[in-house]
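Step one of this worksheet: look at the structure below.
Values below: every heavy atom of this structure, side chains too, minus hydrogens, waters and symmetry copies. We name chains A, B, ... by the order of the sequence lines, and we start the count at 1 in each one.
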Number of protein chains: 2
Amino acid sequence: MPRAALSTDAVVDVAMRLVDEEGPAALTLAAVATRAGVATPSLYKHVRSLAEVRALVSVRIMDELAERIGEAVLGRSADDAIRALMAAWRAYVVEHPRRYTALVQAPEPAVAEAGERVVGVLLAALRAYGLEDADAVHAARCVRAAVHGFALLEAERAFQRPERLDESYALLVHMVVAGLRTPAHP
Amino acid sequence: MPRAALSTDAVVDVAMRLVDEEGPAALTLAAVATRAGVATPSLYKHVRSLAEVRALVSVRIMDELAERIGEAVLGRSADDAIRALMAAWRAYVVEHPRRYTALVQAPEPAVAEAGERVVGVLLAALRAYGLEDADAVHAARCVRAAVHGFALLEAERAFQRPERLDESYALLVHMVVAGLRTPAHP
DNA sequence: GCGTCAGGCTATTGGCATTAGCCTCATCGC
DNA sequence: GCGATGAGGCTAATGCCAATAGCCTGACGC
């Protein structure tokens, strides 16, 4: 391998910084190239297209998220684990709001796999509830949906007067835990 | 007013059809102009920019959604109203998945206002719970987040093996209702 | 030393948003 | 009726961006 410098990972690094600082709309190959100190076409030696860069960024984000929530549930179980997981998830999004709004659901299998790693952590955290397989999947989907919805709305500033969002989130956590604790099929 | 033909509303009509049929990525002024049988620059007599078209589309969608869920809660209250509202929300998204993924949180005030109309229906549906003002806002945010998260993930096909999503959604409804029924601050 | 090829580059194409400025005809005051 | 006016269409042009083609170079293996 000759001259070092660029690589697929390095391109994604630059893309991530760009997203953090200027938002997902600023993620163009031209901007990445400028930041990397390189001409735009040079990027094509490392990535196939802008769409691929976006997918790679999404994978990176989901992996970071999976790691954060995975760490959070270590040594905890049931309600305790769910609370920690939800707190960690939101904390990540609050730290990197633009990053979170850059997430795309690309058709690339790598993106789906990263999503499954996140769901894997969720399923592990739910294991202590002793749910049947299908019920565990339902529960994981609900937790994911609730947290994702809240995080996204917060990240894109869709809540008017974002005061006391902590309290709102506490209620969401309460809802999830209460729903998991009580029988699901009345 | 001379020749009829185009108008801001007509442009948005075309944009909506485009989104429904080809997805949000296909929403370009060039494509709208072609469908409208007009040259691209002509659109600027009716809209200021592509960004404005996207915002107007978002407003249209949120208004449709507000109407649908508003209808659903008529004559119902408390758990019954929430269940109907959540069912109607998801039904709308399942009917028009691409439309829902075209939603953007633009800075334009019109978009924020449309969002508030949706939240207004939510608050009305929650009235029967007799929550304090702040608690009602928290509850509305949570319901919105949960439904929005689920709907978005479903619309963008982010759930792997989307079998039995109805059951998953039933659990989400259960969580919301259970969380609203039990005391929020233990 | 020398060939090779990874990884840069320039040049080019084509799509798109946006702006400037023209042209026309339906309407309205007279 | 009739001429001014302006809404609403148009063509032309600019600039940005993604993507492709094809060239060039220097680090490394031999």
In whole Å, what is the span from the CG atom of L18(B) to the P atom of dC16(C)?
11 Å
Do R54(B) and E108(B) sit within salt-bridge range, that is, some charged N less than 4.0 Å from a carboxylate O?
no
Is the phosphate of dG8(C), meaning OP1 or OP2, less than 4.0 Å from a side-chain N or O of H46(A)?
yes
T8(B) OG1 to R48(B) CZ distance, which is reported to the nearest 0.5 Å
9.5 Å
Just the atom pairs and distances: protein N or O near nucleotides 14-21 of chain D's N or O, under 3.5 Å.
{"residue": "dA18(D)", "atom": "OP1", "partner": "L29(A)", "partner atom": "N", "Å": "2.8"}
{"residue": "dA18(D)", "atom": "OP2", "partner": "L29(A)", "partner atom": "N", "Å": "3.3"}
{"residue": "dA18(D)", "atom": "OP2", "partner": "A30(A)", "partner atom": "N", "Å": "2.9"}
{"residue": "dA19(D)", "atom": "OP2", "partner": "Y44(A)", "partner atom": "OH", "Å": "3.0"}
{"residue": "dA19(D)", "atom": "OP2", "partner": "L50(A)", "partner atom": "N", "Å": "3.0"}
{"residue": "dA19(D)", "atom": "O5'", "partner": "Y44(A)", "partner atom": "OH", "Å": "3.4"}

Can you tell which of dC9(C), dC10(D), dG7(C) lies closest to the side chain of K45(A)?
dG7(C)
Could you check whether Y92(B) and H96(B) have their ring centres less than 6.0 Å apart?
yes
From the options L6(B), V32(B), L43(B), select the one residue that forms a side-chain contact (heavy atoms from CB on, under 4.5 Å) with V14(B).
V32(B)
Do the ring centers of H174(A) and Y169(A) come within less than 6.0 Å of each other?
no
E132(B) atom CD: more than 12 heavy-atom contacts under 6.0 Å:
no
Is the shortest side-chain N/O distance from S42(A) to OP1 or OP2 of dC9(C) below 4.0 Å?
yes
Measure from the side-chain heavy atoms of V38(A) and tell me the nearest of dG8(D), dC10(D), dG8(C).
dG8(C)
